[in-house]
Amino acid sequence: MKRVDVIVLGAGAAGMFAAIEAARRGRRVLVIDHAKAVGEKIRISGGGRCNFTNLHIAPDRFLSANPRFALSALSRYTQHDFIARVNRAGIAWHEKTLGQLFCDGSAMQIVDMLRADLAAAGGEVWLGTPFSDLTRGDVFRLTTPRGVVEGAAVVVATGGRSIPKMGATGAGYDIARAFGLRLVEPRPGLVPLTFGDAARAQMAELAGLAVPARVGFGKTAFEEGLLFTHRGLSGPSILQISSYWQTGRPIRIDLTPGVEAGAALAGLRQGAGRQEVANALARLLPERLARAVCGWAGVAGRLADLDGAGLRRLAGVLDGWEVLPTGTEGWRTAEVTLGGVDTRDLDARTMQARAVPGLYFVGEVVDVTGWLGGYNFQWAWSSGWAAGQAV
């Protein structure tokens, strides 16, 4: 039988960070994961360079049934704290658009930093080790193929259901239910949107085309790249809005962000009025998209010959194209999980279950989901740090 102070379930970003912080405080820590390697999601993130945080972290960029829950952890362990840690490890990094920070080299630099920090603090990792039968008496007891493990505290950092090919499971949700915690129903987040046959056929003709766009749902909008695919729409703007989109309601797409479509068409009419509408419009959009937009607006012929109704329809498609998604591509391509362990049952300062002393939940398994662009990694670092100070 193995006896430790803290059992951490999950060797991803949040789990490793909680383990490091607890071990640095003198706790005997054991990290257990069924995966064969530490930090598999870190390894593949950011195109292999790990978008490890964002300069613009703020609570309003995280989705949760309780939008203020994340504030405590995020304010006590900030993006600047993690950047300082990366700098101390000698990892070079750079900023891309919208405050996103990436390693200059491989994402494995972040993984190696975490492994080295845990080893230096005296923590232990068991990989390729499934677990079952977590129970609680005087201590927590867990069954593994390597024997029974007992610990005074357990940190659940098993992640969500996104990217199942990486071994994602619902184990953390099962643990939460077994100990009486509530769940906000998990669903795919940061995921491409799919459409009905007619709309999908239109988009398939444009597959591979990427354009800047402003994509909105309700009062929320994101101005980033949009990608047409054979299945529907993807790209950063679509992934972002997918976390807000509600089934049965359309999204609104501005294909000329920063340009007032009516004024732009008036200018084109003066300078290129004798051209076919699609040819003139190709001054604003890629040619393939310009021709598609004319079809969606039901306009043809010379731009100068369009009547007021035709111009309004065309402008309406350019800056207010409404399309109704039928769904998402699901867990297979989702980057994160929305929902999870209900924050009403957790202490925001420590991440401990209110009714189960010694049981903690961190990272993606919790009902806190960030925007695309390093926000979810920062939640992993911050929530892991908060639990690591308390166990």
Side-chain angles (χ1 to χ4, degrees), residues 1-2 4 6-23 28-52 89 91 103 105-134 140-151 154-175 186 188 330-337 340 360-366 376-377 379-381 383-384 387-388:
M1 180 182 294
K2 177 85 169 178
V4 295
V6 182
I7 304 167
V8 178
L9 302 179
M16 288 295 287
F17 221 67
I20 291 164
E21 291 302 310
R28 294 172 299 162
V29 178
L30 173 62
V31 180
I32 301 176
D33 200 310
H34 68 279
K36 295 180 180 180
V38 168
E40 282 293 82
K41 270 195 173 181
I42 300 173
R43 178 180 62 81
I44 68 169
S45 69
R49 293 185 183 273
C50 188
N51 180 191
F52 56 81
I91 299 172
C103 298
S106 167
M108 286 303 298
Q109 294 176 288
I110 300 294
V111 176
D112 292 342
M113 177 188 76
L114 297 176
R115 287 193 301 208
D117 284 352
L118 183 60
E124 186 177 358
V125 181
W126 286 2
L127 296 172
T129 307
F131 56 84
S132 60
D133 303 325
L134 179 64
F140 290 93
R141 174 174 287 204
L142 188 72
T143 301
T144 80
R146 299 175 65 166
V148 172
V149 180
E150 290 186 346
V154 170
V155 178
V156 180
T158 50
R161 291 179 178 158
S162 58
I163 318 182
K165 68 180 180 181
M166 301 294 296
T169 71
Y173 308 136
D174 295 337
I175 292 171
W331 295 116
R332 181 181 63 84
T333 56
E335 296 200 13
V336 295
T337 301
Y360 300 76
F361 292 84
V362 297
E364 191 178 351
V365 73
V366 178
N376 288 293
F377 271 128
W379 171 243
W381 314 134
S383 61

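Residue indices begin at 1 and follow the sequence shown. Scope of the values below: all heavy atoms of this structure, side chains included, with no hydrogens, waters or symmetry mates.
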Worksheet entry | Partners passing salt bridge (charged side-chain N to carboxylate O under 4.0 Å, His left out) against R43 (at least two apart in sequence or in another chain) | E40

Worksheet item: For I42 and C50, which heavy atoms make the closest approach, and how far apart are they?
Response: CG2-SG, 3.8 Å

Worksheet item: So do T337 and W331 actually touch side chain to side chain, heavy atoms under 4.5 Å?
Response: yes

Worksheet item: Roughly how far apart are I163 CD1 and S45 OG, rounded to 0.5 Å?
Response: 9.0 Å

Fill in: Non-hydrogen atoms of A23 and V29 that approach each other most closely
N-CG2, 3.7 Å

Item to complete: Only counting residues at least two apart or in another chain, list the ones meeting ring pair (Phe, Tyr, Trp, His ring centres under 6.0 Å) with Y360.
Response: none

Worksheet item: Do the side chains of E364 and V336 get nearer than 4.5 Å, heavy atoms only?
Response: yes

Response to the item:
Test side-chain contact (heavy atoms from CB on, under 4.5 Å), reference L9, set V365, V155, I175, output is I175

Worksheet item: What heavy-atom pair brings G15 and V8 nearest, and what distance separates the two atoms?
Response: O-CG1, 3.5 Å

Fill in: NZ on K2 to CZ on R146, rounded to 0.5 Å
8.5 Å

Worksheet item: A14 and V362: which non-hydrogen atoms are nearest, and at how many Å?
Response: CB-CG2, 3.8 Å

Discussion item. Against D133, only a single residue in T143, V148, T144 fulfils side-chain contact (heavy atoms from CB on, under 4.5 Å); can you say which?
Written reply: T143

Discussion item. Quick check: closest heavy atoms across A171 and F131, and the distance to 0.1 Å?
Written reply: CB-CZ, 4.5 Å

Item to complete: Could you list the residues that satisfy side chain to side chain donor-acceptor pair (under 3.5 Å) with W126, not counting sequence neighbours?
Response: E124

Worksheet item: Could you give the distance from CZ (F377) to CZ (F52), rounded to the nearest 0.5 Å?
Response: 10.5 Å

Practice prompt. Measure the spacing between CD1 of I7 and CZ of R141 and express it to the nearest 0.5 Å.
Written response: 10.5 Å

Discussion item. For a quick test of reading the model, state the closest non-hydrogen atom pair linking V4 to R28 and the distance between them.
Written reply: CB-O, 3.5 Å

Worksheet item: What residue among L127, L142, V125 forms side-chain contact (heavy atoms from CB on, under 4.5 Å) with I32?
Response: L142

Worksheet item: How long is the span from the CE atom in M108 to the CD1 atom in I91, to the nearest 0.5 Å?
Response: 11.0 Å

Worksheet item: Taking side chain as C-beta onward, heavy atoms only, is S162 less than 4.5 Å from K41?
Response: yes

Item to complete: Mind checking the CG-CD spacing from L118 to E21? Nearest 0.5 Å is all I need.
Response: 11.0 Å

